[in-house]
Number of protein chains: 2
Amino acid sequence: MSSLGVRVGYNGRMSERPFHHGNLRTVLLDQAELALRTRGVEELSLRELAREVGVSHGAPRSHFIDRKALLDALAERGFRTLAAAMRAAAESHSEYADGLRAAGHAYLDFAVSNAALLDLMFTAKTDTPPDGLLAAAETLFSTISDVMESGVPAGFFREAEIGRLTLLMSATMQGISTFVSAGRVSLAVGDQLIDDAIALFLGRALE
Amino acid sequence: MSSLGVRVGYNGRMSERPFHHGNLRTVLLDQAELALRTRGVEELSLRELAREVGVSHGAPRSHFIDRKALLDALAERGFRTLAAAMRAAAESHSEYADGLRAAGHAYLDFAVSNAALLDLMFTAKTDTPPDGLLAAAETLFSTISDVMESGVPAGFFREAEIGRLTLLMSATMQGISTFVSAGRVSLAVGDQLIDDAIALFLGRALE
DNA sequence: ACCTGAACACCGTTCAAGT
DNA sequence: ACCTGAACACCGTTCAAGT
């Protein structure tokens, strides 16, 4: 273990540590995200994570009270990542409808790359989720609400219906993502469905 | 054990058995469905199921090769139950739009009563699901397709767009159900969203 | 404060053996 | 054909102990 770094006694904050001390929490989350992507939730084991990261099996306990807490932390990061991706997509187009479409496709892209994570984000593991998770979820929904809202001045939506349209839009993207992740439809059809849905929202016919 | 029933030797097909012999498979599935509803997937254990049903922990193996196979069988039943519920709902109204709405609400009702099961139905546990599961999923989608199709003669939809509309309609119901199950929105709002979505599909404005 | 390592009670899965 | 029960390798969680 001396080959991994210099170890000094208790309170030796400035010393080099095996490599992860000080951010084991983040390292565990990163590794967990990878495991989630490659092996799925069911196969995600705290002990295996600890092994992969090079700490004892009891170490994660210092950062996550139990397995569910780690999964919640993952879901929280997921909400923030998705919100940021949608905002960036929406802002990368000057034409409103293009931005809205881009945001929709960003949702599906995230879903395809993080199927198990999206599942985690929308599966109630507790009746009372931790505050951080709720706040992160709010971030996503307020982002989507903002995207819808900016269609009002241009005359695409009416202010009074923004709340319901935001939920409907979110639910539609979520449903399409679920179908693609589950293999019910291909990614190409999923993208098509996103466009169809948005066309419907914008009040145009399907073709 | 003789108090549970008369036991005779091998090949004694006509004899009374402890109570479940001959349909342990069904009994296990029923118990699993209950466990899924009350405790969730994560807490669903084969050994506990066996205990609750009164057989040894190895017994389920005779009917399900592994845990995943039992979950797949549950999902399969779920698809058929949901398909039947939607068909019944749609057929219980003479006015087309009413039937469509009823079918939508039937989907949400099923989702609320069977949140963990619906999750199971749309979570790819394998890249190649067993044939039975695929067939059951097809039953659901062809049912929804039928419901949409019967809106064509009445002029609600055009024949050419039925395929895409069926997928979009299904995805929308799935997304709304996910939101309600996850506690993101209340059941009341969920029902509202179903109505909003269908109004949108029928080409009317939201109010 | 953070991590280690033993201990405990649970799993899923396999498989020889019974009937 | 269907079920039993031992065996195995793995978990999550707890907790005293180290630094």
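Just so you know, these numbers come straight off a predicted model, no measurement behind them. The chains referred to below are lettered A, B, ... by the order of the sequence lines, with proteins before strands, and numbering in each begins at 1.
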N/O donor-acceptor pair under 3.5 Å between D66(B) side chain and A69(B) backbone
yes
Any salt bridge linking D146(B) with R87(B)? Criterion: basic side-chain nitrogen under 4.0 Å from a carboxylate oxygen.
yes
Can you tell me which stems involve DNA chain C, if a stem is defined as three or more consecutive Watson-Crick or G-U wobble pairs, both distances under 3.5 Å?
C:4-8 with D:12-16, C:12-16 with D:4-8
Could you walk me through whether D30(A) and R77(A) satisfy the salt bridge (Lys or Arg N to Asp or Glu O under 4.0 Å) test, starting with their C-alpha distance in whole Å, then the side-chain angles of each, then the deciding distance to 0.1 Å, before giving a yes or no?
CA-CA 10 Å; D30(A) 290 341; R77(A) 287 209 324 189; 3.0 Å; yes
Which residues, if any, of residues 68-76 of chain B bring a heavy atom under 4.0 Å of DNA chain C?
none
Residue-phosphate contact under 4.0 Å: S45(A) side-chain N/O, dG12(D) OP1/OP2:
yes
Going through the distances and angles, do R39(A) and E33(A) end up as a salt bridge (Lys or Arg N to Asp or Glu O under 4.0 Å)?
CA-CA 10 Å; R39(A) 297 193 293 264; E33(A) 197 176 314; over 6 Å; no
How many Å lie between CD1 on I65(B) and P on dT14(C), as a whole number?
6 Å
Expressed as a whole number of angstroms, how long is the span from D66(B):CG to dC11(C):C1'?
14 Å
Rounding to an integer number of Å, can you tell me how far L46(B) CG sits from dC10(C) P?
16 Å
Answer with base, sugar-phosphate or nothing: what part of the nucleic acid does S62(A) contact at a heavy-atom distance below 4.0 Å?
base
Considering just the side-chain nitrogens and oxygens of R51(A), establish if one lies under 4.0 Å of OP1 or OP2 belonging to dC11(D).
yes
Can we call the ring centroids of F122(A) and F179(B) under 6.0 Å apart?
yes
Could you please name the option among dG12(C), dC11(D), dG12(D) that lies closest to any side-chain atom of E48(A)?
dC11(D)
Roughly, in whole Å, what's the span from CD in E42(B) to P in dG12(C)?
12 Å
Mind running salt bridge (Lys or Arg N to Asp or Glu O under 4.0 Å) on E42(A) and K68(B) for me, showing each step along the way?
CA-CA 10 Å; E42(A) 211 88 25; K68(B) 188 161 49 56; over 6 Å; no
Within this structure, what is the CG-to-C1' distance between L24(B) and dC3(D), rounded to whole angstrom?
9 Å
OG1/T81(B) to CG/L117(B) distance, rounded to the nearest 0.5 angstrom?
7.5 Å
Just how far, in rounded Å, is C1' of dT13(D) from NE2 of H63(A)?
17 Å
Salt bridge between E48(A) and R51(A), side-chain N to carboxylate O under 4.0 Å?
no
Starting at atom CG of L49(B), determine the distance to atom P of dC10(C), rounded to an integer number of angstrom.
16 Å
Can you measure from CD1 (I176(A)) to CG (L193(A)) and round to the nearest 0.5 angstrom?
5.0 Å
Is the distance from the ring center of F79(A) to that of F141(A) below 6.0 Å?
no
How many whole angstroms separate atom CZ of R67(A) from atom P of dC11(D)?
11 Å
Might you list the N or O atoms of the protein lying below 3.5 Å from N or O atoms in nucleotides 5-9 of chain D, with each pair's distance?
| residue | atom | partner | partner atom | Å |
| --- | --- | --- | --- | --- |
| dA6(D) | N6 | H57(B) | NE2 | 2.8 |

Do the side-chain N or O atoms of R61(B) get closer than 4.0 angstrom to the phosphate oxygens (OP1, OP2) of dT14(C)?
yes
Please step through salt bridge (Lys or Arg N to Asp or Glu O under 4.0 Å) for the pair R164(B) and E161(B), ending with a clear verdict.
CA-CA 6 Å; R164(B) 285 152 78 187; E161(B) 58 188 10; over 6 Å; no
Take R184(B) and T178(B) through the test side chain to side chain contact (heavy atoms under 4.5 Å, CB included) and record every step on the way to the result.
CA-CA 8 Å; R184(B) 294 294 326 157; T178(B) 297; over 6 Å; no
